[in-house]
Amino acid sequence: MKVHEYQAKRVLAEAGVPVPRGEMARSADEARKAAERLGGKAVVKAQVHAGGRGKAGGIRVASSPEEAGRAAEEMLGSRLVTFQTGPEGAPVSAALVEEPLEIARELYLAIVMDGAARGPVVIASQAGGMEIEEVAERTPGKIMRIPIDPGLGLQPYQGRKLAYGLGFEGAQARPAAAMMGRLYSVFRENDCSLVEINPLAVTSDGRILAADAKLDFEDDALFRHPALREMHDPAQDDPLEAQASEFGISYVKLDGDVGCMVNGAGLAMATMDVIGQAGGGPANFLDVGGGADEDKVARALSIILSDPSVKSVLVNIFGGILRCDVVAKGMLQAVGENPQTDRPMVVRMLGTNAEEGRGILSASGLNVALVDDLAEAAQAVSRYSRASGIPSGPGAAR
Ligand code: GDP
Ligand code: MN
């Protein structure tokens, strides 16, 4: 679960990590008053669950309370489009009004859970402020990676190594090293999957502050943190993912254009691989789950059909507890609810009541190809996507 910058900074401040003075505002008037309390000048920052705001006009420097109010006025109620949001953007319903900083150096610091390292890894770089992916590609030597033993936590020597690596010397080295320890505590105590400070700002008067903050909490650990769960802002969620989670469907939006509906997470992943091998790109991961009924299948397919980037659909069902006739009826229900969609579907059904399921689909008059072989199914569906004239493959849809 992601949270807004203003919420992340509250969590950091409580853990003793220095952040700029600031207030959250939900109206132009609140922003103006906040800027007044900050002494007149302020930075107004649009609160969305995405980075890249700086380049997209979501960070505005105001030299008076009136200007801060106007900046907030323009932001609030609009949608901010950054390279991370996709073309539809994210709604702005809050702004963070902060003291302006005189930034001398912008550093990058993150703690992530790294599957390959089997634990947390601290990533740090003197090349902060910009996109770290770009730094990693062009100048990988500028990035430090320090794995943390989860049993020991971030050791003081690692804090010092990070501080020196980030260029802190003399009187600044000690507080910088201590800050590393505090950031790790934030990561650990809140079950974060990501703590990202970009930039970690060094001001011209020598202060070290988290000028931006992104926290991502592990969903499966949120039951331990009721206070964090309260911070959830559903308006920032992908609407289709939110709908799926409401119905207990595992759904993740991806970049390709072949929609897939599958039962079982393993089969769903294998299906995505096979689509990739056939030259297509999955538009989503979707596992309807073992105990799905007709309604749930209908919801799942509706979610896929309401994604405008889907050009064709692959249904891959291995009937066990979930019977294929139930899937077929659910599919008809979904198509009935989305009459405007005429995208081709390729269906592979095996297992319990597969014959009945195929019979229902064949008799329905739908634009459905019934295929037994998975590779053949993936080739067919990828061909349909290409025939629609829009290139498929990861990244092609956006
Ligand atoms: P992001 O683009 O969404 O990651 O938003 P950030 O909060 O990281 O802001 C982007 C950039 O705006 C930073 O890298 C800074 O260069 C600049 N910025 C943000 N806050 C301040 C501030 O208080 N003072 C100054 N001078 N620049 C700021
Ligand atoms: Mn940033």
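Every number for a ligand or one of its atoms is a count from 1 in the order of the listing.
- In this structure, Arg70 does not pair ionically with Glu66, as no charged nitrogen and carboxylate oxygen lie closer than 4.0 Å.
- At least one protein heavy atom sits closer than 4.0 Å to atom 22 (C) of ligand 1.
- Atoms of ligand 1 lying under 4.0 Å from any heavy atom of Gly51, numbered from 1 in the order shown and given with element: 3 (O).
- Within ligand 1, counting atoms from 1 as listed, the ones closer than 4.0 Å to a heavy atom of Pro100 are 23 (O).
- A cation-pi arrangement is present between Arg105 and Phe168, with the terminal nitrogen or guanidinium carbon under 6.0 Å from the aromatic centre and inside a 45° cone about the axis.
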So Asp233 and His4, side chain to side chain donor-acceptor pair (under 3.5 Å) or not? Walk me through it.
-> CA-CA 8 Å; Asp233 178 2; His4 287 295; 2.8 Å; yes
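- Remark: minimum distance from atom 24 (N) of ligand 1 to any protein heavy atom is reached at Leu101 O, 3.1 Å.
- At a 3.5 angstrom cut-off on N or O pairs, Gly52 counts as close to ligand 1.
- Nearest N/O/S atom of Asp212 relative to the Mn ion (ligand 2): this is OD2.
- Of all the heavy atoms of Glu102, none lies under 4.0 Å from any atom of ligand 1, so neither backbone nor side chain is involved.
- Contacts between Asn198 and ligand 1 below 4.0 angstrom, taking non-hydrogen atoms only, involve the backbone exclusively.
- Looking from atom 12 (O) of ligand 1 to the surrounding protein, the closest heavy atom is Ile59 CG2, 4.0 Å.
- Tested against Glu99 for a salt bridge (charged side-chain N to carboxylate O under 4.0 Å, His left out), the candidates Lys41, Lys45, Arg207, Arg37 yield a single pass: Arg207.
- Scanning all protein heavy atoms for the shortest distance to atom 2 (O) of ligand 1 gives Gly54 N, 2.9 Å.
- Close approach to Glu99 involves these atoms of ligand 1, each under 4.0 Å from a residue heavy atom: 23 (O).
- A salt bridge does not link Lys253 with Glu241: none of the charged nitrogens is closer than 4.0 Å to a carboxylate oxygen.
- Remark: Glu131 engages Lys55 in a salt bridge, criterion side-chain N to carboxylate O under 4.0 Å.
- Summary of contacts: the protein heavy atom closest to atom 6 (P) of ligand 1 is Asp212 OD2, 3.5 Å.
- The pair Arg60-Glu74 meets the salt-bridge criterion, since a charged nitrogen lies less than 4.0 angstrom from a carboxylate oxygen.
- The single protein non-hydrogen atom nearest to atom 1 (P) of ligand 1 is Arg53 N, 3.6 Å, given as residue, atom name and distance.
- Residues Val274 and Leu314 fail the side-chain proximity criterion, which asks for heavy atoms closer than 4.5 Å.
- Of all the heavy atoms of Glu106, the ones lying under 4.0 Å from any atom of ligand 1 belong exclusively to the side chain.
- Lys45 NZ, 2.8 Å is the protein heavy atom nearest to atom 7 (O) of ligand 1.
- Closest to atom 28 (C) of ligand 1, if we only count protein heavy atoms, is Ile103 CD1, 3.9 Å.
- Between Glu5 and Lys214, no side-chain nitrogen of the basic residue sits less than 4.0 Å from a carboxylate oxygen of the acidic one, so the salt-bridge criterion is not met.
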Using the side chain to side chain donor-acceptor pair (under 3.5 Å) rule, take Gln333 and Asp295 through it: C-alpha gap first, then chi angles, then the decisive distance, then the call.
-> CA-CA 8 Å; Gln333 191 182 322; Asp295 255 354; 2.9 Å; yes
